Peer 1: 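If you scroll down you'll find the structure; I have some questions about it.
Since the structure is predicted, the reported quantities are computational estimates derived from the model, not experimental observations.
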Amino acid sequence: MAARARLSRRIGAAAIAVAAGGGILLFGPTFSASDRGEAGAHISAIRQRITDPNVVVPSRATQASALIGANSANPLDMLVIGGGATGSGVALDAVTRGLRVGLVEREDFASGTSSRSTKLIHGGVRYLEKAVFNLDYGQLKLVFHALEERKQLIENAPHLCHALPCMTPCFEWFDVVYYWAGLKMYDLVAGRHLLHLSRYYSAQESSELFPTLARKGKDRNLKGTVVYFDGQMNDSRLNVGVACTAAVAGAAVLNHAEVVAFLRDEDGKRIIGARIRDNLSGKEFDTYAKVIVNAAGPFCDSVRKMVDKEARSMICPSSGVHVVLPDYYSPEGMGLIVPKTKDGRVVFMLPWLGRTVAGTTDSNTDITLLPEPHEDEIQFILDAISDYLTVKVRRTDVLSAWSGIRPLATDPSAKNTESISRDHVVCEDYPGLVTITGGKWTTYRSMAEDAVNAAVKSGKLSPTSKCITQYLRIIGGDGWDPSSFTVLAQQYVRMKKAFSGKVVPGVMDTTVAKHLSHAYGTMAERVAAIAQNEHLGKRLAHGYPYLEAEVAYCARHEYCESAVDFIARRSRLAFLDTDAAGQALPRIIEILAVEHNWDKSRKKEELEKGKGFLETFKSSKNAQFHDGKHK
């Protein structure tokens with residue numbers, strides 16, 4: 001039903017792109033007369049708040065108070081468990097429909113799968129291949145829908161997402177024809193949601209575009225490549241942006257807060273709230289809600305089993321390992337994707353934030369809070385990419401390596417438990433608790449829409465408007481364009497405090513200005529102002545554009561409550577270079593201590609936690625790999 005409704009809306013939607021000062025104005029679906037009036041005023045007020053350059057995100061204390069105040073006489077409409085992409089998306093969707101919403105996250109926003117993705121926003125080339133060869137209309141619908149969401153996600157967060165050309169090498173003429181035809185079909189299926197047309201390049205042209213691509217290998221010669229386009233994102237910053245947008249719209253979002261028990265009605269037949277522990281203060285409180293949405297990703301089964309110990313598991317966890325290598329492994333602005341290696345797996349290399357990310361694996365795993373990559377998985381990735389590169393692939397080049405858990409889902413009500421889905425599943429197997437799981441980053445917004453629709457039905461809620469998130473830009477996205485960094489470069493300086501205590505002015509160089517603009521969008525000027533006015537203009541780590549000012553900004557405006565929150569999710573230093581992140585830790589903790597009034601014992605605890613966290617990223621600095629092939 002939800003998919004049919006979405007299709008109807010797509011047909012009726014008027015998406016008109018109008019050139020306006022270099023930007024794009026998007027006009028979404030028209031609303032009926034009954035949708036106007038109060039609903040229209042509500043939507044306008046929300047858009048105005050989100051796009052206000054002076055908007056202030058409510059403090060964490062304010063958010064906690066809102067949750068504590070949701071008692072049995074005045075419950076929330078909806079309480080969301082989980083602050084990943086889906087959970088934050090649910091909170092944003094629900095609050096923009098005029099509902100009273102709360103969200104709690106045991107760790108931090110994007111602390112799980114949502115920060116450990118492939119960083120691709122994709123429609124699913126492999127799903128299209130399966131759809132064609134298996135005549136599977138279900139797979140085809142998945143691709144249609146994902147391609148629509150891909151385009152919309154890039155437009156809703158233009159500072160954090162962009163189109164990325166991906167090169168597929170062909171060593172047989174049959175491969176050239178096969179991949180060219182397949183990727184042209186991918187273009188055709190995308191239709192008006194197309195990013196750019198795919199095309200064939202000769203071996204010579206391919207070498208010019210991707211200098212480290214090997215033209216000759218064992219008994220084979222490169223015949224050419226086919227280049228197509230998908231999207232790329234800064235996943236955790238996008239997730240944090242969605243959560244903060246929900247907070248500005250009126251949702252009470254609280255990270256480092258854990259559900260420890262559920263509250264039931266007098267008959268014990270329906271969930272009516274949750275007992276929550278604030279993991280920062282240790283205090284517990286009750287929050288009541290008409291319906292609860294379980295969006296805990298890989299941990300959704302543990303939430304369901306808090307209600308019913310006999311609940312059938314929905315999650316089949318799969319491990320995806322990625323490694324980060326120096327920038328010279330791949331050119332800026334061009335990825336490499338090999339759809340089928342010699343053992344049948346997919347391998348890729350993508351430029352990302354000035355480095356190269358390579359992956360991935362797809363193997364069964366256990367569900368843990370901090371999954372770690374195994375050395376054999378890292379070696380598999382290095383082996384696979386070495387077959388396609390002229391660069392000597394070395395284990396010592398691995399700057400960071402991480403593992404993420406994909407929550408592949410089965411429907412607990414389905415008769416066939418073998419059918420693991422790459423699509424998402426929404427179910428209510430206990431009254432008052434709606435579960436949403438599965439799916440992928442690209443479709444997080446429509447997953448949230450489906451979950452909210454189910455929750456509205458379960459809780460008999462009365463939203464004041466329909467879903468508006470399809471055309472809703474997140475904080476920092478409205479008014480941003482790729483040239484926005486020039487304002488930072490021209491109008492701000494980086495005031496740096498030397499070891500002697502003397503304040504020295506420094507240039508807001510292009511690299512830093514571009515980084516701030518892409519990471520914070522239109523909010524970047526606030527960060528630049530802190531760097532200039534509060535003398536926090538130093539870089540945190542040599543060779544990286546992250547500034548001291550970002551730590552202060554994130555603590556004040558993005559719910560950054562720990563050093564790990566910053567190195568992993570507000571900046572991406574832990575994912576890019578664990579050694580650099582470790583060197584930056586002491587200064588990050590100093591700044592956070594000032595912002596949050598930490599004492600010496602808390603600072604010591606933060607340093608230990610930070611070091612322990614970084615040890616789970618198997619870079620060449622903290623991994624035992626001496627017996628490996630790539631030295």
Side-chain angles (χ1 to χ4, degrees), residues 56-70 76 79-84 87-88 91 101-112 114-115 236-237 239-240 242-244 246-248 251-262 273-287 289 295-297 299 302-303 306 369-370 550-571 574 585-614 616:
V56 177
V57 177
S59 69
R60 190 174 185 279
T62 300
Q63 302 290 56
S65 296
L67 292 174
I68 293 168
L76 297 172
L79 176 65
V80 184
I81 302 172
S88 298
V101 181
L103 178 149
V104 290
E105 161 59 47
R106 173 172 55 183
E107 297 294 325
D108 182 28
F109 306 119
S111 59
S114 297
S115 63
S236 71
R237 284 214 54 80
N239 194 158
V240 170
V242 173
C244 289
V248 166
V253 301
L254 194 67
N255 56 348
H256 300 285
E258 180 177 3
V259 170
V260 294
F262 283 111
R275 182 78 176 168
I276 297 166
R277 180 192 300 124
D278 185 334
N279 287 331
L280 297 183
S281 67
K283 295 179 181 177
E284 293 189 4
F285 56 88
D286 292 338
T287 295
F299 300 95
S302 61
V303 172
M306 288 170 65
L369 272 175
L370 287 176
E550 294 180 64
V551 185
Y553 176 84
C554 293
R556 297 170 195 174
H557 303 292
E558 291 187 354
Y559 305 115
C560 180
E561 303 295 332
S562 73
V564 170
D565 288 355
F566 185 81
I567 61 173
R569 271 89 60 177
R570 304 311 182 281
S571 77
L585 259 181
R587 181 58 181 146
I588 291 168
I589 291 168
E590 279 181 30
I591 299 168
L592 287 174
V594 172
E595 296 295 327
H596 294 312
N597 298 313
W598 289 345
D599 57 19
K600 284 185 178 179
S601 64
R602 175 63 188 273
K603 288 196 280 186
K604 183 180 178 182
E605 179 187 344
E606 286 292 320
L607 187 60
E608 290 172 355
K609 283 184 177 178
K611 288 179 177 178
F613 177 79
L614 290 174
T616 67

Peer 1: Please test Leu254 against Tyr559 for side chain to side chain contact (heavy atoms under 4.5 Å, CB included), starting from the C-alpha separation and ending with a verdict.
Peer 2: CA-CA 8 Å; Leu254 194 67; Tyr559 305 115; over 6 Å; no
Peer 1: Please check if the side chain of Ser571 supplies one atom and the backbone of Phe566 the other of a donor-acceptor pair under 3.5 Å.
Peer 2: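 The answer is yes, because a donor-acceptor pair under 3.5 Å joins these two groups.
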Peer 1: Set out, in order, the CA-CA distance, both residues' side-chain angles and the distance that settles side chain to side chain contact (heavy atoms under 4.5 Å, CB included) for Val303 and Val259, then state yes or no.
Peer 2: CA-CA 8 Å; Val303 172; Val259 170; over 6 Å; no
Peer 1: Quick check: does any side chain N or O of His596 sit under 3.5 Å from a backbone N or O of Ser562, one acting as donor and the other as acceptor?
Peer 2: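 Checking the backbone N and O of Ser562 against the side chain of His596, no donor-acceptor pair under 3.5 Å is found.
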Peer 1: So, Thr287 side chain and Ala70 main chain: donor-acceptor pair closer than 3.5 Å or not?
Peer 2: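 Side chain of Thr287 to backbone of Ala70, a donor-acceptor pair under 3.5 Å: no, none is there.
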Peer 1: Please name the pair of heavy atoms, one in Phe613 and one in Ile567, separated by the smallest distance, quoted to 0.1 Å.
Peer 2: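 In terms of heavy atoms, the two residues are closest at CD2-CD1, 4.3 Å.
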Peer 1: Which heavy atom of His557 sits nearest to which heavy atom of Val57, and what is that distance?
Peer 2: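 Scanning both residues, the minimum pair turns out to be O-CG2, 3.5 Å.
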Peer 1: Ignoring hydrogens, what is the shortest heavy-atom contact between Gly84 and Glu105? Give both atom names and the distance.
Peer 2: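 Distance-wise, the nearest heavy atoms are N-OE1, 4.2 Å.
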Peer 1: Any sub-3.5 Å donor-acceptor pair from Arg60's side-chain atoms to Asn255's backbone N or O?
Peer 2: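 Judged by distance alone, yes, a pair lies under 3.5 Å.
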Peer 1: Is the side chain of Gln63 donor-acceptor paired with the backbone N or O of Ala251 at a distance under 3.5 Å, no angle test?
Peer 2: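 Such a contact is found between Gln63 side chain and Ala251 backbone.
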Peer 1: Mind listing the closest non-hydrogen atom pair of Gly610 and Val564 along with its distance?
Peer 2: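 Where Gly610 meets Val564 most closely, the heavy atoms are CA-CG2, 3.9 Å.
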Peer 1: Distance from Phe109 atom CZ to Leu103 atom CG, nearest 0.5 Å?
Peer 2: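 Going from CZ on Phe109 over to CG on Leu103, the span is 6.0 Å.
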Peer 1: Distance from Cys554 atom SG to Glu595 atom CD, nearest 0.5 Å?
Peer 2: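 With rounding to 0.5 Å, SG (Cys554) is 10.5 Å from CD (Glu595).
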Peer 1: From Ser115 OG over to Glu107 CD, what is the distance, rounded to the nearest 0.5 angstrom?
Peer 2: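 Reported value, rounded in 0.5 Å steps: 11.0 Å.
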Peer 1: Are Leu76 and Leu67 close enough that some pair of their side-chain heavy atoms sits under 4.5 Å apart?
Peer 2: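 Sidechains of Leu67 and Leu76: in contact.
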Peer 1: For Ala563, is there any backbone N or O sitting under 3.5 Å from a side-chain donor or acceptor partner on Glu606?
Peer 2: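 Yes, because the side chain of Glu606 sits within donor-acceptor range (under 3.5 Å) of the backbone of Ala563.
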Peer 1: Taking all non-hydrogen atoms of both residues, which atom of Gly83 and which atom of Asn239 are closest, and how far apart?
Peer 2: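 Result for this residue pair: O-ND2, 3.3 Å.
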Peer 1: Looking only at heavy atoms, which two atoms of Ser59 and Thr62 are closest? And how far apart?
Peer 2: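 Residues Ser59 and Thr62, closest heavy atoms: OG-OG1, 2.8 Å.
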Peer 1: Nearest 0.5 Å, what's the SG-CZ distance between Cys244 and Arg237?
Peer 2: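 The distance works out to 8.5 Å.
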Peer 1: Tell me if a side-chain donor or acceptor on Glu258 pairs with a main-chain N or O of Val260 at a distance below 3.5 Å.
Peer 2: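 No, because the side chain of Glu258 does not come within donor-acceptor range (under 3.5 Å) of the backbone of Val260.
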Peer 1: What's the verdict on side chain to side chain contact (heavy atoms under 4.5 Å, CB included) for Val253 and Ser88, showing C-alpha distance, side-chain angles and the deciding distance?
Peer 2: CA-CA 9 Å; Val253 301; Ser88 298; over 6 Å; no
Peer 1: Only one of Glu590, Lys603, Glu605 passes side-chain contact (heavy atoms from CB on, under 4.5 Å) with Trp598; say which it is.
Peer 2: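 The passing option is Lys603.
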Peer 1: Can you check whether Leu585 reaches Leu614 side chain to side chain, under 4.5 Å on heavy atoms?
Peer 2: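 Yes - at least one pair of side-chain heavy atoms lies under 4.5 Å apart.
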Peer 1: For salt bridge (Lys or Arg N to Asp or Glu O under 4.0 Å), just list the numbers for Lys611 and Glu608, CA-CA rounded to whole Å, side-chain angles, deciding distance to a tenth of an Å, and then say yes or no.
Peer 2: CA-CA 5 Å; Lys611 288 179 177 178; Glu608 290 172 355; over 6 Å; no
Peer 1: Give a yes or no on whether a salt bridge exists between Glu550 and Arg570, defined as a side-chain N under 4.0 angstrom from a carboxylate O.
Peer 2: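 Salt bridge flag = no for Arg570 with Glu550.
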Peer 1: What distance separates Lys283 NZ from Arg277 CZ, expressed to the nearest 0.5 Å?
Peer 2: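 It is 14.5 Å, given to the nearest 0.5 Å.
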Peer 1: Measuring from atom CG of Asn279 to atom CD of Glu284, what distance do you get when rounded to the nearest 0.5 angstrom?
Peer 2: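 Asn279 atom CG to Glu284 atom CD measures 9.5 Å (nearest 0.5 Å).
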